[in-house]
Asker: 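Please find one structure pasted underneath; my questions will follow.
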Amino acid sequence: MDSINWRAKALGDKDISAMVEALGALLRVTLSHKETISTIGSELEIVRNYMSIIQVRYDDRIEFRDEVPTALYEQALPQLTLQPLVENAINYALEEIPDTCTVQITGCLTPEETLLEITNNGSQFPEDLLGKLTRSEITPHGFGIGLLNIQKRLQLQFGPDFGLEFINDELRDLAIVRIHLPPKEGEPCIEC
């Protein structure tokens, strides 16, 4: 990777250099974690590196916003929870809209739970998505199995009251994946 990056810099190709640097960082983070539990901060680092690559690939068609308060960064989260959800948001939105796809990750803390949301414009979820996937009423094209996997890992780690929720905000043309996690002990509430 370093050799490719060196060669790209020597040729003055900033896009290839940026992509190789992001891919190297992404690989280091994902391959170095031997644990199945990560943190929100580590998962956001994976997403940021992934988005660096995607933004070079799609140029102006992708806009990414990370608005998760740093106070939530140490909260536990199963490894590879956020990146597949962001990838899914991009893939479905780009299929549906010719305009810019905006993907945003936000977070907040209430006395009852920590909430993370991955929001994108231009796509909608089928009603009762997890139920239909669980009952094999719809056939996933690639990612449905991943959604069930993420849901199961969240519930195994945190219990049946936590996990994924899929919301269609038709008024604003947004698809929202909400991740319900236990509250972060000892932290003041962060307004949603």
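Hydrogens, waters and symmetry mates play no part in the numbers below; they use all other heavy atoms, side chains included. Bear in mind that the values here come from a model prediction, so they are computed numbers and not experimental data.
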Asker: Closer than 3.5 angstrom, by distance alone: can the side chain of D59 be matched with the main-chain N or O of R61 as a donor-acceptor pair?
Answerer: no
Asker: Taking all non-hydrogen atoms of both residues, which atom of P183 and which atom of L109 are closest, and how far apart?
Answerer: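 Taking every non-hydrogen atom into account, CA-CD1, 3.8 Å.
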Asker: How many angstroms lie between atom CD of Q104 and atom CG of N121, to the nearest 0.5 angstrom?
Answerer: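 So the gap between those two atoms works out to 10.5 Å.
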Asker: Decide side chain to side chain contact (heavy atoms under 4.5 Å, CB included) for T114 and I179; before the verdict, give the C-alpha distance in whole Å, the side-chain angles of both, and the deciding distance to 0.1 Å.
Answerer: CA-CA 8 Å; T114 298; I179 304 171; over 6 Å; no
Asker: Scan for salt bridge (charged side-chain N to carboxylate O under 4.0 Å, His left out) pairs involving residues 122-137, sequence neighbours excluded, and state none if there are none.
Answerer: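 Every pair satisfying salt bridge (charged side-chain N to carboxylate O under 4.0 Å, His left out) with a residue in residues 122-137: D128-R135, R135-E137.
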Asker: Do F158 and L156 share a hydrophobic cluster (ILVMFWY, side-chain heavy atoms under 4.5 Å, transitive)?
Answerer: no
Asker: Is there a continuous path of hydrophobic side-chain contacts, each under 4.5 Å between heavy atoms, that joins I40 to I176?
Answerer: no
Asker: Same cluster for I167 and V86 if Ile/Leu/Val/Met/Phe/Trp/Tyr side chains link at under 4.5 Å?
Answerer: no
Asker: In Å, rounded to the nearest 0.5 Å, how long is the span from CG of N91 to CD1 of I54?
Answerer: 7.5 Å
Asker: Could you please spell out the steps behind the side chain to side chain contact (heavy atoms under 4.5 Å, CB included) verdict for H180 and L115?
Answerer: CA-CA 5 Å; H180 298 269; L115 292 174; 3.2 Å; yes
Asker: Write down the atom of S123, the atom of N120, and the distance for their closest heavy-atom approach.
Answerer: OG-ND2, 2.9 Å
Asker: Spell out, yes or no, whether V68 and L77 are grouped together once hydrophobic residues are joined by side-chain heavy atoms under 4.5 Å, including indirect joins.
Answerer: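 Same cluster: V68 reaches L77 through Ile, Leu, Val, Met, Phe, Trp or Tyr contacts under 4.5 Å.
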Asker: Inspect the surroundings of CD in E63 and state if more than 12 heavy atoms from other residues, nucleotides or ligands are less than 6.0 Å away.
Answerer: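 Correct, the count exceeds 12.
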Asker: Just by modelled atom types, is the Q79 backbone N or O under 3.5 Å from a matching donor or acceptor in the R153 side chain?
Answerer: yes
Asker: Please check this pair: side chain of Q151 against backbone of L164, looking for a donor-acceptor N/O pair closer than 3.5 Å.
Answerer: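 Yes; at least one donor-acceptor contact below 3.5 Å.
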Asker: Would you please test Q124 and D173 for side chain to side chain contact (heavy atoms under 4.5 Å, CB included) and show each step?
Answerer: CA-CA 8 Å; Q124 298 287 297; D173 188 30; 3.8 Å; yes
Asker: With no hydrogens and no angle check, is any side-chain donor or acceptor of E43 less than 3.5 Å from a backbone partner on L80?
Answerer: yes
Asker: L72 and F162: same hydrophobic cluster, using ILVMFWY side-chain contacts below 4.5 Å?
Answerer: yes
Asker: To the nearest 0.5 angstrom, please state how far the CE atom of M51 sits from the CG atom of L44.
Answerer: 12.5 Å
Asker: Between T100 and D60, is there a donor-acceptor pair closer than 3.5 Å when you use the side chain of the first and the backbone of the second?
Answerer: yes
Asker: Just verifying a value: how many Å separate Q55 CD and I90 CD1, rounded to the nearest 0.5 Å?
Answerer: 8.0 Å
Asker: Rounded to the nearest 0.5 Å, what separates atom CD1 in I118 from atom CZ in F166?
Answerer: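 Separation between the atoms: 9.0 Å.
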Asker: Please give me the minimum heavy-atom distance between L154 and P78, naming the atom from each residue.
Answerer: CD2-CD, 3.7 Å
Asker: Taking atom CG of L116 and atom OG1 of T81, what is their separation to the nearest 0.5 Å?
Answerer: 9.5 Å
Asker: Can you pull out every salt bridge (charged side-chain N to carboxylate O under 4.0 Å, His left out) where at least one residue sits in residues 107-120? Sequence neighbours excluded, please.
Answerer: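 Output for this query lists E117-R178.
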